[in-house]
Amino acid sequence: MQSRKTAAVLGVLVLIAAVVVFIVLQGGSDSGGGSSNRSFAFELAKGNAVGGSKDISATQGDRLTVTLHTDVPAELHIHGYELAKDIDAGQTGSISFTADATGEFEIEAHHLVHGEEAPGVELAQLAVNP
Amino acid sequence: MIPIAHALLIGRRDLPIPEWLFAWAAAVVLVASFFALSMLWTKSRLEADTWHPASERISALLVNRVTELMTGLIGVALLAVVLWAGAAGTQLPGLNFAPTFVFITFWLGTVLVSVLFGDVFRAFNPWRAIGRAYGWGLHRLSGAPWRPPLRYPERLGRWPAALGLVAFAWLELIYGASNPAGLQPHDVAIATAVYTGYALAAMALFGTEVWLERGETFSVYFGMFSRLAPPEVRRGRLGLRRALAAATHWATERASVWVVVVAIGITAFDGAQEGLLSGAITSTTNALGHVGLGTTLSFRVAETFFLLVSVGAIGAIFWAGVVGMTSVRGSPAVGELGRLFAHTLIPIALAYLVAHYFSYFVFGQQAQFTYLLSDPLGNGSDYFGTSTGSIDYTALSAASIWYVQVGALVCGHVTGLALAHDRAIAIYGDPEQASRSQRWMLVVMVCFTCLGLFLLSQSNQ
């Protein structure tokens with residue numbers, strides 16, 4: 001009885017180990033490739049995102065430039081990375097950064113009313129893949 | 001249409017698990033399941049009481065009058081900080097102590113502690129501490145031991161706790177998400193105050209211990225997970241029991257099944273509302289809007305409907321398996337059988353929590369122990385010199401999050417199967433009948449695990 005139990009536990013451990021090895025090998029083959037520069041441009045007209053919210057993606061390590069042209073005073077905000085820039089009405093502003101953290105991040109424009117943030121307009125969901 | 005705003009406590013969401021990992025994980029689940037079926041043990045190992053006292057000195061060091069008083073005071077103090085920060089602090093949810101403490105540190109962290117160290121929440125529970133102080137005070141005043149004025153209606157069982165879980169999830173996932181600015185710290189403070197009043201009133205009516213065991217949502221919820229851990233304090237003495245063994249005696253109260261089903265259902269809903277169900281929620285919201293409900297109300301009604309659907313779906317999968325099991329000779333009635341197998345879902349509930357909130361918890365704790373600790377009100381104070389800290393989103397790689405998610409689901413699956421098998425042997429005696437009944441539970445577990453994997457693989461929308 002005891003030996004059977006030990007064998008079973010061993011079996012499960014071997015199985016788990018095999019799977020982990022497979023996953024690591026599989027995952028390892030996916031990575032590689034150099035980083036690149038990417039630019040994304042958005043426009044805010046009358047306080048609304050032109051074309052609605054977009055899905056954009058990048059690879060970890062990419063150098064990203066996010067540009068916003070707006071006809072109202074707004075703050076461009078990249079969540080997670082916590083980068084923000086105030087842009088005056090009729091102006092274009094941009095934020096450049098290296099996408100070093102993976103995950104999905106919201107890019108928002110906060111309409112500035114008397115310098116205070118109003119609830120944001122979603123410009124894009126940025127997926128940074130490994 | 002209004003966008004799902006999230007609680008905005010942290011500004012990042014997990015990437016969906018890639019297809020190849022989904023396929024591998026599903027394959028592992030199936031292989032592990034057949035493996036589990038083939039390595040049947042023939043004697044029940046978890047039903048017996050295996051508790052034995054730990055060393056006298058360690059027990060006396062950890063469990064005594066002083067620690068009892070201190071932990072109770074810490075619990076009450078933390079409750080006070082939540083109320084104070086929520087009421088007096090900034091209304092930006094991510095910069096106020098209250099939302100992150102309640103929904104990340106307390107709600108998720110206490111589960112982690114419970115699974116590792118047992119029912120620690122019992123010691124820190126502020127409502128228990130106040131309830132005991134109340135009973136003690138009345139005892140001193142009248143000179144006779146305090147007796148609660150009402151008898152708890154036994155038929156209610158743990159229904160109040162199950163409904164409390166739904167209410168908690170509703171506050172975070174639906175009420176909070178319906179506000180574009182996120183769940184307001186003010187609302188967290190009000191909800192905390194209301195819950196405190198409700199819990200204390202119930203304890204004053206039915207007795208502290210009676211309510212803690214059945215109605216106090218968090219005691220029941222964390223207590224459920226603590227049943228997986230070896231440490232247990234019994235009559236003031238710390239001891240150890242076999243891991244998982246105490247879970248077999250958890251579902252003694254009525255409606256315990258629904259506590260664990262709701263626990264899985266609300267996590268599944270949170271995962272599904274951003275992927276699988278997001279389209280359905282949006283179209284329902286729009287349809288209700290056309291009927292004339294306001295946008296916020298439409299969104300809340302649609303989300304509430306799908307929250308209940310999620311809980312119902314989890315319940316349906318479980319009960320389908322239970323009904324299937326009754327076809328095996330020598331089975332108890334359906335209701336009894338459901339109660340007998342309810343505890344096998346506890347590891348699944350834990351696996352769902354880990355899979356959905358692991359990274360959220362890690363990143364949230366970076367905020368909790370830096371700027372939220374030093375500046376709980378978000379007004380620029382710096383009590384411990386950590387107010388300039390920030391969340392490092394590179395702390396976890398995408399791959400490590402995926403492996404933890406998939407690993408949690410597979411481990412939960414195997415543990416659930418083990419608990420179910422052990423219980424089946426205890427019920428049916430005959431190993432052959434037991435294994436026949438377990439084909440049904442195997443289907444249930446495979447459904448839950450594959451659903452969990454599927455939710456993780458759906459991209460956020």
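Sequence lines set the chain letters: A, B, ... in the order given, protein chains first and strands last, and positions in each chain run from 1.
For B/Ala398, the parts lying under 4.5 angstrom from a heavy atom of chain A are both the backbone and the side chain. Contact of B/Ser397 with chain A is made through the backbone alone, with heavy-atom distances under 4.5 Å. Interface residue B/Leu396: only backbone heavy atoms are found under 4.5 Å from chain A.
Distance CD/B/Glu274 to CD1/B/Ile281: 9.5 Å, rounded to 0.5 Å.
Of the options B/Asp14, B/Ile401, B/Leu15, B/Leu409, a side chain to side chain contact (heavy atoms under 4.5 Å, CB included) to B/Leu456 is made by B/Leu409 and by none of the others.
Between the A/His79 side chain and the A/Glu108 main chain, no donor and acceptor come within less than 3.5 Å of each other. With hydrogens and angles disregarded, a donor-acceptor distance shorter than 3.5 Å links the side chain of A/Gln60 to the backbone of A/Asp100.
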